[in-house]
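Taking it in order: structure first as C-alpha cells, then the write-up.
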Amino acid sequence: MSSCAMARQMRLSGLVIQWWDLLSKRLKIRTISSGKAQQTCLERSGKKRSGKTWINRNNHRLLIRLLSRKGRIFMIRTHYSTQVTSEMNGTSVTICGWAHEIRDLGGITFLVVRDREGMVQVTLFKKAIDKNVLEVVRNLSRESVVAVTGTVKKEAKAPNGYELVPTQVIVLGKADSPLPMDTTGKVDADLDTRLDARFMDVRRPHTQAIFRIRHLMLKSIREFLDREGFVEITTPKVVATATEGGTALFPITYFEREAFLNQSPQLFKQLMMSGGLDRVFEIGPIFRAEEHDTRKHLNEATSIDIEASYLDNEDVMAILEKLVKHVYSSVAEKGAKHLETLGVEITVPETPFRRITYDEAISIARDNGEKIEWGDDLSTESEHSIGKTIGEHYFITDWPTKIKPFYAMPYEDKPEICRAFDMMHPRMELSSGAQRVHSYELLRKRIADQGLDPDGFEFYLKAFKYGMPPHSGWGVGAERLLMTMLGIENIREVVLFPRDRKRLSP
RNA sequence: GUCCGGAUAGUGUAGCGGCCUAUCAUGAGGGCCUGUCGAGCCCCCGACCCGGGUUCAAAUCCCGGUCCGGACGCCA
C-alpha cells in the first residue's frame with residue numbers, strides 16, 4: 001500500500017477505516033479490561049458502518065501513523081503509564097507524556113516518560129532499534145511532550161518489571177532549555193520560583209499529589225453534604241455593598257458603578273433560608289483586601305459554606321465535625337497513593353471534637369502565660385498556646401457577642417455572649433459559624449450596634465420580614481483544612497495560583 | 001504595616017574586605033560507555049538584585065530602593 005493510499009483507507013481485521021472516519025468523532029480507541037488483562041480495541045459508531053476490531057501490534061503502528069497524520073493526536077493514547085503491566089507482554093501501546101529523563105548509555109538508551117499517573121521506561125537498543133526512532137529520542141530535550149508507541153516487554157531489570165520497546169516516538173511539544181526549574185527532585189526550588197513556573201511545578205509528582213488530594217477533599221465534601229440533604233448553590237462574587245463589615249473589600253468597576261468582590265457568601269446563603277432551600281452549601285472563592293502577609297492568609301481563598309434551617313449551633317457543629325472526619329477518612333482511603341508520594345500519614349480525628357467555651361479558652365491562654373482580656377479576640381500566640389494544650393481539633397464556643405458578626409445569635413438570657421463557635425486545628429482556626437439571628441428587629445438592632453448602617457442591608461433584611469426560619473451555618477477555609485490535614489506549612493502550596501499582597505501573576 | 005533574616009550561573013548553594021580569573025551540585029553543549037533507574041567518567045558553558053557611598057581595594061562594609069523568607073499585626 002502506498003503511503004497515499006494508506007492515508008485514505010486502512011483495513012483492520014475486516015473493519016475498513018476511511019480517512020473521513022479519522023476526522024469525525026466516530027472513531028474511538030477503547031481499552032477494555034477483563035480482570036488483569038487489558039486489550040485495546042478500535043470502535044466506529046455510526047448508522048451504517050459501525051463495528052469494532054481488536055488492535056494488535058501489527059496494525060497498531062499503522063493506525064497511529066495514520067491518526068497522527070490526520071491531526072487526531074488526542075486519541076492516540078491507549079494507556080496511562082500505570083495501566084500498562086508486565087502481563088501485557090507483546091502488546092502494542094501508546095503512552096503520552098513528558099520526557100522526564102533521557103539516559104544515553106551508548107549501546108542502550110533509556111527514556112523515562114512521565115504522565116499524570118506515573119512513569120514508563122522506554123528502552124532503545126542501538127542495534128535493534130529503528131535509526132529514526134533512536135535519533136528522535138537522542139535529540140529530545142527534557143520535558144518535551146512525546147507520544148511513544150511501542151511493544152510492552154516483560155523485563156525484570158526494568159522498573160515495575162516491564163519496559164517499552166518503541167516502534168515510533170512522535171514529539172508533540174518541544175521543550176526549550178534550560179528549564180525554569182528541575183522536575184526530577186534532584187535540585188530544590190524555592191516556593192517563589194515554583195510559583196513563577198507553576199505549570200512546571202505541577203508536573204512534579206509531589207506538587208501534583210497535593211492537587212489530586214485537593215480534588216478528593218472537595219469531592220468528599222460534596223458527597224457528604226449531598227448525603228446530608230444539602231443543595232449546592234452558587235452566589236454572586238460581584239456585589240453592590242460592603243456586606244458584613246469587618247474585612248476590607250476589593251473595589252471594582254461595574255459599568256458606571258462601583259462594586260466589590262464578595263468577602264463571603266454569608267448573606268446570600270442566609271437569603272436562601274428564607275428562600276426555602278432549607279439546607280444549602282457553596283464551595284467558592286472569597287476575596288479579602290486585608291494586607292495580611294502570613295503563611296495562612298490569602299487575598300483570594302476558597303470557602304466551604306453551609307447554612308441550614310431549623311438547626312441550632314450545636315446541630316451544625318455536629319455536621320462540621322462529621323464532615324472533617326469524613327474528609328480525612330476519604331482522603332486516607334482514596335488518596336493513599338498521593339499521600340505516599342507526599343510521605344504523609346493522616347490520622348482520622350475522633351468525634352465529637354472537644355468543646356471549650358471562650359472563657360475556658362482565655363483561661364488556658366492565661367495559664368500558658370498569655371496576656372489576654374475578656375472580650376479580646378485570640379491572638380496568634382494565644383491560638384498556638386491553646387492549640388498546643390489541646391493537641392487535636394476542638395471547638396471554641398460562646399464568644400463575646402461584640403467580637404462576632406451581627407448575624408450571630410446572642411443568648412437570650414446572657415446577651416453579652418452568643419451562639420457562635422470557631423472550629424480549630426491546633427495550628428489555626430479552620431472554621432467559624434453560629435446560630436443566626438432570624439428576627440428582623442433584632443437583626444436591625446445588631447447591625448446598628450456593630451456600627452453599620454441597617455439601610456445599607458435592605459436587600460438582606462427584607463428576607464427576614466416575610467417569614468425567615470431559624471437557621472445556623474458555618475464556613476470552612478478549604479485551603480486551611482487541606483494544609484492542616486497534610487501538614488503543609490504554607491497556604492500557597494495548596495493553591496494553584498495564589499493571590500497574596502505581592503503576587504498577582506501568574 | 002512593624003521587627004528580624006536574606007538576594008551569587010536556568011535551578012539550588014559556598015564565599016562575608018585583597019587569597020574571587022567566585023565554590024560545589026544540578027543543568028545545557030560535546031565525547032566515552034548495552035541495563036541505567038539521583039547512572040558513571042572526561043572536556044566545556046553559564047552568576048555576585050538595582051542605585052549611591054566608604055576604601056588603595058567591595059560579592060563581602062554603609063545608605064536608599066525593589067523583591068524573597070520568617071514572626072507578629074491586621075483579618076466574615
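Lettering of chains follows the sequences in order, A, B, ..., and the numbering in each one begins at 1. Computation of the quantities below employed the complete heavy-atom set of this structure, encompassing side-chain atoms and omitting hydrogens, waters and symmetry-equivalent molecules.
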Side chain to side chain donor-acceptor pair (under 3.5 Å) partners for A:Y411, two or more places apart: A:D398

By salt bridge (Lys or Arg N to Asp or Glu O under 4.0 Å) - contacts of A:R222 (at least two apart): A:E232

Identity of whatever pairs with B:rA58 - Watson-Crick or G-U, under 3.5 angstrom: none

Under 3.5 Å on both distances, the Watson-Crick or G-U partner of B:rU13: none

Of A:R501 and A:D188, the one whose closest RNA chain B nucleotide lies more 5': A:R501

Nucleotide-resolved protein contact map, nucleotides 32-43 of chain B, B/S/- at heavy-atom distance under 4.0 Å: -BBBBBBB----

Residues that A:R427 engages under salt bridge (Lys or Arg N to Asp or Glu O under 4.0 Å), provided they are two or more places apart: none

Atom-to-atom span, CD of A:E143 to P of B:rU26 - whole angstrom: 18 Å

Non-neighbouring partners of A:D455 that pass salt bridge (Lys or Arg N to Asp or Glu O under 4.0 Å), sequence neighbours left out: A:R444

Atom P, compared across B:rU66 and B:rA59: separation rounded to whole Å: 24 Å

Under the salt bridge (Lys or Arg N to Asp or Glu O under 4.0 Å) test, residues paired with A:R355 that sit two or more places apart: A:E314, A:E321

Partner nucleotide, any strand, of B:rG35 [Watson-Crick/G-U, under 3.5 Å]: none

Nearest-Å distance once atom P is located in both B:rG64 and B:rU60: 16 Å

Enclosure of A:E458 CD (heavy-atom neighbours >12, cutoff 6.0 Å): yes

Where protein sits on nucleotides 67-74 of chain B, one letter per nucleotide: B base, S sugar-phosphate only, - none, heavy atoms under 4.0 Å: -S-SSBBB

Close aromatic pair by centroid cut-off 6.0 Å: A:F395 and A:F421: yes

Pairing nucleotide - B:rA28, Watson-Crick or G-U, each distance under 3.5 Å: none

Short side-chain to backbone donor-acceptor contact, A:R198 and A:P506, under 3.5 Å: no

Any residue meeting ring pair (Phe, Tyr, Trp, His ring centres under 6.0 Å) with A:Y394, in chain and number order, not counting sequence neighbours: none

Separation of atom NE2 in A:H100 from atom P in B:rU26, rounded to whole Å: 15 Å

Which residues share a ring pair (Phe, Tyr, Trp, His ring centres under 6.0 Å) with A:H326, sequence neighbours left out: A:F224

Inter-nucleotide P distance (B:rC24, B:rG46), Å rounded: 15 Å

Separation of the C1' atoms in B:rG17 and B:rC75, to the nearest angstrom: 46 Å

Nearest-Å distance once atom P is located in both B:rA47 and B:rU36: 36 Å

Inter-nucleotide P distance (B:rA71, B:rA25), Å rounded: 34 Å

Exceeds 12 heavy-atom contacts within 6.0 angstrom, atom CZ of A:R138: yes

For A:F230, ring pair (Phe, Tyr, Trp, His ring centres under 6.0 Å) partners two or more places apart: none

Rounded distance in Å - CG (A:D196) to P (B:rA7): 18 Å

Which residues share a ring pair (Phe, Tyr, Trp, His ring centres under 6.0 Å) with A:H471, sequence neighbours left out: none

Residue matched to B:rC72 through Watson-Crick or wobble contacts both under 3.5 angstrom: B:rG1

A:D182 CG - B:rU13 C1' separation (whole Å): 14 Å

Euclidean distance for P, B:rG51 against B:rA14 (whole angstrom): 25 Å

Protein-nucleotide distance (A:K174, atom NZ; B:rA28, atom P), rounded to Å: 12 Å

Rounded distance in Å between the C1' positions of B:rU21 and B:rG30: 24 Å

Nucleotide opposite B:rG64 in a Watson-Crick or G-U pair, distances under 3.5 Å: B:rC50

Near-strand residues of residues 418-439 of chain A, defined as heavy-atom separation under 4.0 angstrom from RNA chain B: A:S432

